[in-house]
Amino acid sequence: MSAVRLDTPVKFLKGIGERRAEALERLGIRTAQDLLWHLPRRYVDASSVTPLARAEVGAEVACVGRVVAKGVLPTRRGLRIFHAVLRDDSGVLECVWPGQAFLDRTIAVGQTLLVSGPVRFYHGRQMAPREYIILTESDGEADPLSAGKVLPVYPATEGLSHKVIRGLVERHLDELIPLTHDPLPPALRRSLGLPALDEALRAVHRPESSAEAEAGRRRLAFDELLDLQLTLTRARELAKRQRSGVAFEARDDLTRKLAAALPWSLTGDQQRAVAEITSDMTAPRRMHRLLMGDVGTGKTVVALFAMLLALENDFQAALMAPTELLAEQHATTLERLLAPLGIRPQLLLGRQTAAEKKAARQALASGAARLAIGTHALVQESTAFRRLGLVVIDEQHRFGVEQRAALVGKGAAPDVLLLTATPIPRSLALTLYGDLDVSTLRERPPGRGAIRTAVRTPLQRERVLDFVAAEAAEGRQTYVVLPVIEESERADLRAATTMAEALGGRWPALRVGLVHGRLKPGERDDVMRRFRSGEIDVLVATTVIEVGIDVPNATTMLIEHPDRFGLAQLHQLRGRVGRGTGNSFCILMAGETVPERLTAFAATDDGFRIAELDLAERGMGDLIGARQSGGFEVRHARLPEDEDLLARARELAARLIAADPALQRPGNQRLRERALARYPRAAELFRVG
Ligand code: ADP
Ligand code: MG
């Protein structure tokens, strides 16, 4: 038998076969190393658990108890409620899961459950758990907490309970830890007050105390932040090196024509942004500017003014979007706006035929096409421009640092304008985009209908669905968003596929569509196109529906399990409606108790305010929205708690890169390797020479 290595696929580890390997894959665990870095979501010990008898009405508590009775009860309104009665040494507590009858298949008498959630009074004390974990399967097993341990609670998935994952980690921990190498030299590590890597890994998986687990997490968080800062610092340094650019002249030729042809006037914020961009572009230094504005604030037209300024000076401009659908949408918008000026944007997409792509590339290389719109097809080697003067990147966080760099590299020294619909608080912006100038759009164009946000509880479900049907009867469209694709991923959550079936059955006369991340990109775009053209009335979706998608006729956004989404994500979803002139609705289908966060969300529409709430709530990983997009890998770090780590990672990265820009020195090799393992696409940045 060959020895296990960190890159060994998990299916070759003892206790893991094909089936479990598949389930692990859903959690992003492919190799032994992934398993080792699959950290507990939280920890519980006897001191953080409330005896059942002392779970007080009005409190949020975590409890452990054995299931002594369970069943499904229908209510008069047709809602099916799953009940389970838990018992511990102190007494009993009833737990209820309204509308989740399917839990009857998962939860059994004899199991020990850890439940957490609010306690309320309804014929007696009841908990409506937000979360439950099966700690043991049957009566005979000892409950791990009773042994006085700190129990790590792992993120689970269908076919792999938390308990199985804990068992697998436990079984392989001592074998895997010695295979790791700490890239931080001991002296440096000690000066930062952080534990060694092996100690940290042991502490997070097998802690003696919660404090020890936290110290371990901070070490892993620091590593992540350092890798991010090394990559960003290096990218910045390279960008600064080549910062003398074109000084465009404001000829007021095309830009003036555009202003005259626009069917509306620019908002004050748009005017200010255009002025800032113009002043950057007419200066000899290269522009490196971020245009930050909530969905719907009108970033595209601002970018168009910048592109026309380049065109007036006999340069080309390119706009890169993260998906074909968004690129096409931009093309449609710009074609319309540019028609009076006699300019036709050139589209370049991966799905075009070879002949179309060839023609597009020729037009760009010869300069016949002045304005390019496309996806990452624009950065492929075979694409060349005659004279690229401005690069605009939409939803910039969806691209890797190196993809952005590749497009910029298509010109001699083009100006760069990055667009983002993810507003972030200033402190974070400085950390991530310290070298960028920022223009902000807060104001929304007038003449838009308002978006009303409502939080609804399960008893109101029927009314909500009737409302959606009534909207459809009036010809208006609805998005229904769910947190998971299939029920098997999380037995306790409604899923997109089942919802699409249920709604299709309920409304035979309506056209219900389904879109999620497991569809091929082509199929996904196809469904979205049909929704945009009105061939679909109700689109059931996961969060894959594009950030920038503009369907003015879609007026209702219904979100199931809103507690599963971060506030910034909810805000992004809400931004998909409210794009027409009529009123729009965002309906959050909450559980029976409505958490404060949702009420706060419903009360504000300010993306920056929500970004701050979100930062406080979830920390930075989700905020930069990168997890699903493969951008920044920040999973263990939390802000604001880890702000000190972030500052130290930044300082250290600056010091390392200043002394050894491509991290070539022997002492820095391991740091470089690890940063590249986390950001493979950054290889370009650290190439020697
Ligand atoms: P985003 O910032 O989300 O990318 P878009 O650029 O897609 O926003 O603009 C959203 C919509 O608002 C588009 O239909 C656009 O034509 C319209 N729009 C942009 N600016 C204005 C304005 N000043 N007045 C009225 N409508 C505008
Ligand atoms: Mg946009």
Side-chain angles (χ1 to χ4, degrees), residues 255 258-277 289-308 317 319-323 325-341 345 371 373 375 392-399 417-424 438-451 477 479 528 532-533 545-555 557 568-584 586 605-608 610-611 625:
T255 45
L258 174 67
L262 279 182
W264 18 257
S265 48
L266 295 183
T267 64
D269 281 352
Q270 284 174 321
Q271 284 170 21
R272 197 167 319 116
V274 169
E276 285 164 353
I277 290 167
R289 184 171 284 274
L290 179 69
L291 177 60
M292 201 190 289
D294 232 330
V295 277
T297 47
K299 294 182 288 296
T300 316
V301 70
V302 173
L304 183 56
F305 274 98
M307 293 194 278
L308 290 183
L319 167 59
M320 181 162 73
T323 66
L325 196 68
L326 284 179
E328 282 169 24
Q329 186 175 291
H330 281 312
T332 316
T333 313
L334 297 195
E335 264 166 32
R336 191 163 26 93
L337 293 172
L338 291 174
L341 283 67
L371 199 162
I373 301 177
T375 52
V392 181
I393 299 177
D394 194 18
E395 305 302 342
Q396 62 88 22
H397 60 279
R398 303 267 311 260
F399 293 97
L417 180 64
L418 305 170
L419 313 184
T420 183
T422 311
I424 57 176
V438 180
S439 295
T440 306
L441 304 181
R442 275 174 177 265
E443 215 176 325
R444 265 169 231 275
R448 293 298 192 72
I451 306 177
Q477 292 161 285
Y479 295 99
M528 289 307 305
R532 199 169 49 182
S533 69
I545 43 173
E546 297 299 343
V547 173
I549 201 78
D550 193 12
V551 184
N553 191 49
T555 50
M557 167 62 63
Q569 210 177 3
L570 288 174
H571 185 62
Q572 294 286 357
L573 289 169
R574 174 164 64 181
R576 269 84 159 182
V577 295
R579 296 181 155 254
T581 47
N583 282 343
S584 290
C586 174
D605 192 29
D606 176 353
F608 285 89
I610 287 172

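Read the numbers this way: they start at 1 and go in the same order the structure lists the ligands and their atoms.
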With a 4.0 Å cut-off on heavy atoms, does A421 reach ligand 1?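 Under 4.0 Å: no for A421.
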R579 near ligand 1, heavy-atom distance under 4.0 Å?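 Checking ligand 1 against R579, which is what was asked, there is a heavy-atom contact under 4.0 Å.
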[X] and ligand 1 - part of the residue with a heavy-atom distance under 4.0 Å:
X    : answer
S265 : backbone
L266 : backbone
D550 : side chain

With heavy atoms of [X] as the reference, note each atom of ligand 1 found under 4.0 Å away.
X    : value
T267 : 23 (N)
T300 : 4 (O), 5 (P), 6 (O), 7 (O)
V295 : 3 (O)
G298 : 1 (P), 2 (O), 5 (P), 6 (O), 8 (O), 9 (O), 19 (C)

Just how far is it from atom CD1 of I277 to atom CZ of F305, taken to the nearest 0.5 Å?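 One finds 10.5 Å between CD1 of I277 and CZ of F305.
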Is the shortest N/O to N/O distance between P446 and ligand 1 below 3.5 Å?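 No - when backbone and side-chain N and O of P446 are compared with those of ligand 1, no distance drops under 3.5 Å.
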Check for a donor-acceptor pair, side chain of Q396 on one end and backbone N or O of T420 on the other, with a separation under 3.5 Å.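 No; zero donor-acceptor contacts below 3.5 Å.
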Would you call I610 and R574 a side-chain contact if the rule is heavy atoms closer than 4.5 Å?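 Of all side-chain heavy-atom pairs linking R574 with I610, at least one is under 4.5 Å.
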Would you say R576 and V551 make side-chain contact, with heavy atoms under 4.5 Å?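 No, every pair of side-chain atoms sits at 4.5 Å or beyond.
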Under the side-chain hydrogen bond (donor to acceptor under 3.5 Å, both in side chains) test, residues paired with T255 that sit two or more places apart: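 Scan of T255 (side-chain hydrogen bond (donor to acceptor under 3.5 Å, both in side chains), adjacent residues dropped) gives E312.
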Report the residues that fulfil side-chain hydrogen bond (donor to acceptor under 3.5 Å, both in side chains) with E328, sequence neighbours left out, ordered by chain and then residue number.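 E328 satisfies side-chain hydrogen bond (donor to acceptor under 3.5 Å, both in side chains) with R351, R529 only.
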On a heavy-atom basis, which atom in D294 and which in D605 lie closest, and how many Å separate them?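 Distance-wise, the nearest heavy atoms are OD2-O, 4.1 Å.
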